[in-house]
Amino acid sequence: MKFSKFFFGTDYYPEHWPEERWSEDAKLMKAAGFNIVRLAEFAWAKIETREGHFNFDWLDRAIDILAELDIQIVLGTPTASPPPWLMAKDGELFIVKENGVRLGYGNRREYCPNHPLYHQHTERIVTQMAERYKDHPAVIGWQIDNEFGARCFCDICRGEFHKWLQTRYANLDEVNEKWGTIFWGHVYGEWSQIPVPVQLGYHPMDSSPNPGLALDYFRFMSDVYVTYQDLQMNILREKCPKHFITHNFMGFKYKNLNYFDLAKNLDFVSWDNYARMQWTMDADVDPSNAALNHDAMRGLKKQNFWVMEQQSGPGGWEHVAAATKPGELRLWAYQGIAHGADGIIFFRWRTCRFGTEQYWHGVLNHHGIPGRRYEEIARMGAEISLIGEQINGAVMKPAVAIMQSYDARFAFQIQQVNPKLHYEQQIGDIYKAFHTQNIGVDIVSEKDRLSGYKLVIVPLMYVLSEETITNLERFAEKGGMVVLTGLTGVKNLHNAVVNMKLPGLAAKMSGIEVEEYLSLPEYEENEIKFSHVTLDGNYPVPIWADVLSLQQGQPIGHYSKDFIADQPAASLNEFGKGKVLYLGALGNYEYYKDIAQWLVNLAGIESPIAAPDGVEVTVRWKGNRRLLFILNHTQQEHNIHLENSYSNVLNGEIIHETVGIPPFGVLILSD
Ligand code: GLA
Ligand code: ZN
């Protein structure tokens with residue numbers, strides 16, 4: 001989706017403050033350069049005060065005050081947090097958690113996404129809001145619900161799961177066969193006998209459900225939220241054809257929903273970006289985390305995105321997180337833009353005095369008087385009003401893709417395989433290996449077209465389908481370079497182990513077979529020693545070691561410890577016009593970094609300019625115009641050496657050879 005301008009604004013809760021304050025807020029927002037505000041996503045109880053009694057007057061007045069200053073509005077449908085009167089109607093409206101316990105009232109996201117009564121009330125509130133605001137000139141779009149998630153394991157969901165299964169399997173015999181229910185004699189004779197994977201084992205070790213059933217339940221619950229989102233979307237599309245529709249996603253780390261599916265019908269993806277979270281109390285922010293999140297969110301639709309909630313101060317529920325240092329808020333917001341954001345909305349406007357999030361700091365402190373954070377964001381607002389048009393809609397064109405798979409992510413939640421193995425951490429380390437070299441990366445799905453890339457990394461493709469392998473083979477045949485890792489091709493689509501030598505379907509393109517694998521225990525590591533001319537060195541192998549037998553290609557690394565010493569750990573194969581690297585050993589960031597450096601050279605990929613450690617560089621293209629974003633994530637000033645002259649987009653100056661970048665500073669250059 002293309003927008004007429006760059007959007008810059010804040011998430012605002014006028015319902016938390018006396019009405020006399022609203023116009024002061026609007027004036028301060030305007031002065032900060034804000035042109036958009038998100039409203040109402042938790043305001044159901046204030047809009048529908050009793051069943052069927054709607055009060056929009058307050059919201060009308062809040063919108064009008066903002067609209068008068070040319071601030072536009074995204075409305076949230078308020079279904080993430082239902083009013084008490086609704087939840088009091090039926091105890092079964094509450095979600096049953098994975099441990100079998102039913103939630104009660106008092107938080108949010110407590111509703112069962114399959115409950116018919118919840119659907120009825122959802123339809124009513126969404127219809128009412130859509131009717132009310134469909135023609136309001138200031139309202140331009142909708143955010144559906146808020147951060148979908150929370151899997152439910154109740155009886156209603158169980159019934160819906162049975163129906164879902166019946167649309168995917170010809171009959172029960174097929175289910176029994178694919179899941180292997182003969183194990184422990186679970187052969188189902190009626191659909192209604194099929195359980196949901198609640199943790200009901202007698203002993204914690206007994207809680208592990210049938211892997212085939214559990215994977216289908218993940219897919220089912222993901223589909224449930226897509227369907228629930230569609231229910232709202234259909235109403236909004238019909239009533240408000242001029243408005244955009246989005247949802248605020250939770251970045252790369254969230255792993256319970258298939259985000260590619262959730263993104264599909266939306267106009268664009270938006271997401272909530274908190275670089276320094278209250279619960280980590282972590283003063284050092286690794287910029288590659290947010291970068292991965294941005295790239296993963298851009299990857300959901302291969303399209304620019306918005307940050308619907310951008311950190312505006314220290315987070316905090318029970319603790320107050322470390323302060324955001326001067327320059328960090330602006331830097332983190334620009335980092336989103338550097339990765340393809342066409343809208344940045346700060347969460348939240350003013351720090352709330354009450355409620356669970358009274359320490360989640362906004363642009364303003366509790367007292368409402370502008371201070372350091374407001375000034376910093378307002379400075380950025382002034383910059384955006386100058387340069388917004390130049391950056392809006394500019395696209396990224398990375399040469400490297402990392403493939404992520406929700407099937408694999410679901411399956412690894414069912415069986416972790418090794419207690420030290422974390423899929424998200426592995427992807428994070430591999431991503432960081434490219435990010436620290438300032439090599440742009442797209443995060444793609446198994447189904448995406450790969451033809452534009454030079455290098456595609458496919459980590460831990462644990463559940464592997466014929467389609468995925470065909471996609472990868474085609475890419476390699478035409479000259480692409482593919483990297484596969486240990487724990488690839490282990491499972492079929494029903495989460496059963498394949499009846500082949502590993503890496504199963506990937507054996508052909510990689511030219512190897514896995515003779516055996518070692519899952520490394522807490523107290524033991526192996527080691528890989530590379531022996532390729534341009535890649536050498538030893539690296540620890542702490543988690544997993546595939547021992548390879550080469551059918552084709554050349555070994556480029558061997559294990560050096562224990563009984564697998566001297567056996568092949570990594571290989572490079574020619575496939576069609578391309579190359580396939582198989583890394584049998586899983587490792588950590590340092591390992592992936594050196595491999596990435598080697599691969600980038602091999603594939604002829606270059607970083608846009610040389611930059612010191614901690615200085616991030618990305619490229620966006622507006623037509624033929626190249627925009628370089630240079631972000632200093634360190635607390636030191638740095639000099640950047642340039643080979644050509646550039647214009648500094650933020651102040652119009654021409655820069656030759658060297659330019660200084662202050663601590664937490666941002667430069668935008670164009671050639
Ligand atoms: C999420 C939610 C917000 C708020 C923030 C801060 O991103 O969408 O409503 O709760 O976290 O906790
Ligand atoms: Zn349910």
Side-chain angles (χ1 to χ4, degrees), residues 10-13 15-16 38-44 74 76-82 87 90-98 100-103 107-119 143-164 195-198 217 220-225 227-228 246-251 253-254 256 270-280 290 293 297 306-321 324 345-352 355-363:
T10 189
D11 301 298
Y12 182 39
Y13 302 90
E15 66 272 28
H16 296 175
R38 182 192 65 180
L39 295 172
E41 86 282 8
F42 295 118
W44 194 342
V74 186
T77 68
T79 47
S81 195
M87 297 309 274
D90 181 359
E92 294 204 348
L93 282 161
F94 290 95
I95 245 173
V96 172
K97 296 203 292 182
E98 196 162 0
V101 174
R102 200 183 279 282
L103 283 184
N107 204 292
R108 56 181 174 176
R109 291 234 70 76
E110 60 262 88
Y111 67 87
C112 164
N114 271 314
H115 199 299
L117 187 65
Y118 205 76
H119 288 192
Q143 170 194 299
I144 292 179
D145 203 285
N146 191 79
E147 297 188 339
F148 279 127
R151 302 197 310 142
C152 183
F153 296 80
C154 77
D155 283 343
I156 295 173
C157 290
R158 182 169 168 218
E160 292 300 317
F161 180 47
H162 297 156
K163 290 190 209 154
W164 183 93
V196 293
V198 276
Y217 203 76
F220 157 73
M221 200 34 80
S222 181
D223 285 358
V224 164
Y225 277 105
T227 307
Y228 179 68
T246 186
H247 169 72
N248 55 336
F249 291 68
M250 289 181 274
K253 296 259 158 69
Y254 188 73
N256 283 352
S270 62
W271 82 281
D272 300 341
N273 179 23
Y274 299 98
R276 190 180 286 132
M277 296 284 261
Q278 117 259 20
W279 38 83
T280 62
N293 280 316
M297 296 300 99
W306 284 20
V307 179
M308 192 56 92
E309 298 180 11
Q310 171 66 38
Q311 185 160 356
S312 61
W317 283 18
E318 63 277 22
H319 301 129
V320 179
T324 53
I345 302 187
F346 288 92
F347 184 92
R348 48 189 289 146
W349 171 242
R350 180 169 169 184
T351 319
C352 199
T356 303
E357 294 188 355
Q358 57 187 223
Y359 286 128
W360 201 279
H361 291 75
V363 179

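Counting convention: from 1, in listed order, for ligands and their atoms alike. Everything numeric in this text was worked out from a predicted model, so none of it was measured.
Summarising the geometry, atom CZ belonging to R151 is positioned 7.5 Å from atom OH belonging to Y217; distances are rounded to the nearest 0.5 Å. Remark: N114 CG to W164 CH2 distance equals 12.5 Å, nearest 0.5 Å. With values rounded to the nearest 0.5 angstrom, R158 atom CZ is found 13.5 Å from F153 atom CZ. With values rounded to the nearest 0.5 angstrom, E357 atom CD is found 9.0 Å from H16 atom NE2.
Between the Zn ion (ligand 2) and C154 there is an N/O/S contact shorter than 2.8 Å.
Remark: ligand 1 and W360 share no N or O pair separated by less than 3.5 Å (distance only, no angle test). Between E41 and ligand 1, no pair of N/O atoms sits closer than 3.5 Å. For the pair Y13 and ligand 1, the shortest N or O to N or O distance does not fall below 3.5 Å.
Across the listed options Y274, W271, F42, W317, Y274 owns the non-hydrogen atom lying nearest to atom 5 (C) of ligand 1.
Taking every non-hydrogen atom of D272 and a distance limit under 4.0 Å, the qualifying atoms of ligand 1 come out as 7 (O), 8 (O). Remark: ligand 1 atoms within the under-4.0 Å shell around heavy atoms of E147 are 1 (C), 2 (C), 7 (O), 8 (O). Near N146, meaning under 4.0 Å from any of its heavy atoms, are these atoms of ligand 1: 2 (C), 8 (O), 9 (O). Interface of E357 with ligand 1, defined as ligand atoms under 4.0 Å from a residue heavy atom, comprises 4 (C), 5 (C), 6 (C), 10 (O), 12 (O).
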**Steps toward ring-ring contact (aromatic ring centres under 6.0 Å, His included) verdict (W271, Y254)** = CA-CA 11 Å; W271 82 281; Y254 188 73; over 10 Å; no

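Counting only N and O atoms by type, the side chains of Y111 and D145 include a donor and acceptor under 3.5 Å apart.
Rounded to the nearest 10 degrees, the angle SG (C112) to the Zn ion (ligand 2) to SG (C157) equals 100°.
Under the 4.0 angstrom criterion for non-hydrogen atoms, Q311 is not in contact with ligand 1.
Looking at M250 against ligand 1, nothing comes within 4.0 Å, counting heavy atoms. Only the side chain of R108 comes within 4.0 Å of ligand 1, judged by heavy-atom distances.
S222 places no side-chain N or O within donor-acceptor distance of the main-chain N or O of N256, the cut-off being under 3.5 Å. Using modelled atom types, one side-chain atom of Y118 and one backbone atom of T79 make a donor-acceptor pair closer than 3.5 Å.
Between E147 and R109, no side-chain nitrogen of the basic residue sits less than 4.0 Å from a carboxylate oxygen of the acidic one, so the salt-bridge criterion is not met.
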